[in-house]
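Presented below is the structure to which this report refers.
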Amino acid sequence: MPGPLEGKVALVAGATRGAGRGIAVELGAAGATVYVSGRSTRAQRSEYDRPETVEDTADLVTAAGGRGIAVPTDHLEPSAVRALVDRIDDEQGRLDVLVNDIWGAEHLFAWDAPVWEHDLDKGLRLLRLAVETHAITSHHALPLLLRRPGGLVVEMTDGTAEYNRDTYRVSFFYDLAKTSVLRMAFALGHELGQRGATAVALTPGWLRSEIMLDQFGVREDNWRDALARVPHFAISETPRYVGRAVAALAADPEVARWNGQSLSSGGLAPVYGFTDLDGSRPDAWRYLVEVQDVGKPADVTGYR
């Protein structure tokens, strides 16, 4: 049976690992052709110096039932992004879904460091990687996406608009980056909605990315071992969970109802009926507000 996204073409910008990889795989599982981009390749690693590559992600997309196409791309280079979009146009003649998940700044922020103490070069580099890349990619990709009605743009961030409005997020530069992406989705919604397309901001919850698992010294198959040290990690989710959120949005003929809004994987799960890989539906942002941030002991009852 063909998947709900059979015949659709997606670009997941920043798909090497984490949420981007999870999204690409779930779009593939729904039958889409997925172009995956990033800087880490089998021939050369980014400054992260991690083993995940865009080629690996493309292989996972194909194994899931779609068609994965890896295109190594530095999204800070406008000419490289233009070449990527030109390739999609030449090979497919269409673009139905754009996911802006470029980040690459895990090593650049310092927790609770005020702006005058934070390393300035790292902070400015973070903003370039997290904000400028999204603008460059949208600039070059949206004319192709707008060629057909019904296109979807997903701006990936950390935190909902409501949560980030009331909560200081990590540091000045991190806070500014994640809030900027939320506003990008709002602005794109204004510009795209009148032209037949939809833009949303989307956040996962506490993501069990490859980097997070490594930091906690666990794997996906034994991640609960980390709960003895970090009990609230019990609300965490796999990257595939937010991937299923994107696939559900992309397959929704009424996706325009979400235009310009801030969404979360946990908030969309009951709407569309998807679950995480273990069958649960973690609602991390509600949990953070109602349990973690008010100092209650870890208890995910009713939250996943």
Side-chain angles (χ1 to χ4, degrees), residues 3 5-106 129-130 132-134 136-142 144-145 151-156 202 204 207 209-211 214 220 238-240 242-244 246-247 250:
L5 298 181
E6 192 77 28
K8 300 291 187 179
V9 177
L11 166 59
V12 182
T16 308
R17 59 184 65 84
R21 174 172 284 189
I23 292 166
V25 171
E26 287 296 336
L27 289 171
T33 293
V34 187
Y35 286 78
V36 297
S37 64
R39 295 174 299 159
S40 296
T41 71
R42 290 171 182 166
Q44 182 175 354
R45 294 185 178 188
S46 73
E47 64 262 38
Y48 269 173
D49 194 25
R50 289 191 55 86
E52 302 88 14
T53 71
V54 288
E55 294 94 341
D56 293 340
T57 299
D59 288 347
L60 290 170
V61 170
T62 301
R67 181 185 177 205
I69 302 171
V71 185
T73 307
D74 184 344
H75 285 262
L76 274 176
E77 297 294 336
S79 60
V81 177
R82 183 171 59 250
L84 165 61
V85 175
D86 286 346
R87 176 176 171 179
I88 297 171
D89 190 8
D90 290 343
E91 295 178 355
Q92 310 296 333
R94 63 188 295 165
L95 179 64
D96 303 286
V97 181
L98 168 63
V99 181
N100 273 326
D101 187 52
I102 313 115
W103 167 234
E106 289 292 335
L129 286 168
E132 189 174 327
T133 54
H134 289 226
I136 290 170
T137 305
S138 291
H139 174 83
H140 287 293
L142 290 184
L144 178 57
L145 182 135
L152 172 66
V153 178
V154 181
E155 286 288 340
M156 294 298 298
L202 179 63
L207 194 70
S209 65
E210 298 89 348
I211 291 175
D214 283 352
E220 180 56 35
T238 75
R240 298 282 290 276
V242 76
R244 290 175 175 182
V246 174

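Salt bridge annotation for Asp56-Arg42: present, with a cationic side-chain nitrogen under 4.0 angstrom from a carboxylate oxygen.
Closest heavy-atom contact between Gly28 and Val34: N-CG2, 3.9 Å. Between Ala64 and Val25, the shortest heavy-atom contact is CB-O, 3.7 Å. Residue Ala19 comes nearest to Val242 through the heavy atom pair CB-CG1, 4.0 Å, listed as atom of the first residue, atom of the second, then distance. Closest heavy-atom contact between Ala10 and Leu27: CB-CD1, 3.9 Å. In plain terms, the two heavy atoms of Gly18 and Pro239 that are nearest each other are O-CB, 3.3 Å. Taking every heavy atom of both residues into account, Glu91 and Tyr35 meet most closely at OE1-OH, 2.5 Å.
Proximity of Leu84 to His75: side-chain heavy atoms (C-beta onward) are separated by under 4.5 Å at one or more points. Put simply, the side chain of Pro51 does not reach to within 4.5 Å of the side chain of Glu210, judged on heavy atoms. The shortest side-chain heavy-atom distance between Glu220 and Thr238 falls under the 4.5 Å cut-off. Side chains of Ser40 and Arg17 form a contact here, defined as non-hydrogen atoms less than 4.5 Å apart. A 4.5 Å side-chain heavy-atom check between Leu129 and Leu76 finds at least one atom pair inside the cut-off. Pro204 is listed as a side-chain neighbour of Met156, based on a closest heavy-atom distance under 4.5 Å.
Taking NZ from Lys8 and CZ from Arg94, the interatomic distance works out to 5.0 Å, rounded to the nearest 0.5 Å. With values rounded to the nearest 0.5 angstrom, Asp96 atom CG is found 7.0 Å from Leu145 atom CG. Going from atom CD1 of Ile23 over to atom OG1 of Thr57 covers 11.5 Å, rounded to the nearest 0.5 Å. Rounded to the nearest 0.5 angstrom, Leu11 CG and Ile88 CD1 are separated by 4.5 Å. To the nearest 0.5 Å, atoms CG (Leu98) and OG (Ser138) are separated by 5.5 Å. Here Arg67 contributes atom CZ and Glu6 contributes atom CD; the two are 12.0 Å apart, rounded to the nearest 0.5 Å.
Between the side chain of Thr62 and the main chain of Gly68, a donor-acceptor pair closer than 3.5 Å is present. Between the side chain of Arg21 and the backbone N or O of Ala15, no donor-acceptor pair lies under 3.5 Å.
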Show the numbers, then the answer: is there a side chain to side chain contact (heavy atoms under 4.5 Å, CB included) between Glu26 and Val246? CA-CA 8 Å; Glu26 287 296 336; Val246 174; over 6 Å; no

Assess the residue pair Thr73 and Arg87 against the criterion (side chain to side chain contact (heavy atoms under 4.5 Å, CB included)); give the C-alpha distance rounded to whole Å, side-chain angles, the decisive distance to 0.1 Å, and a yes or no. CA-CA 12 Å; Thr73 307; Arg87 176 176 171 179; over 6 Å; no

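The residue from Arg39, Glu52, Arg50, Arg45 that alone fulfils the side chain to side chain contact (heavy atoms under 4.5 Å, CB included) condition with Thr16 is Glu52. Remark: of the listed residues Thr53, Val54, Val36, Val54 is the sole one forming a side chain to side chain contact (heavy atoms under 4.5 Å, CB included) with Pro72.
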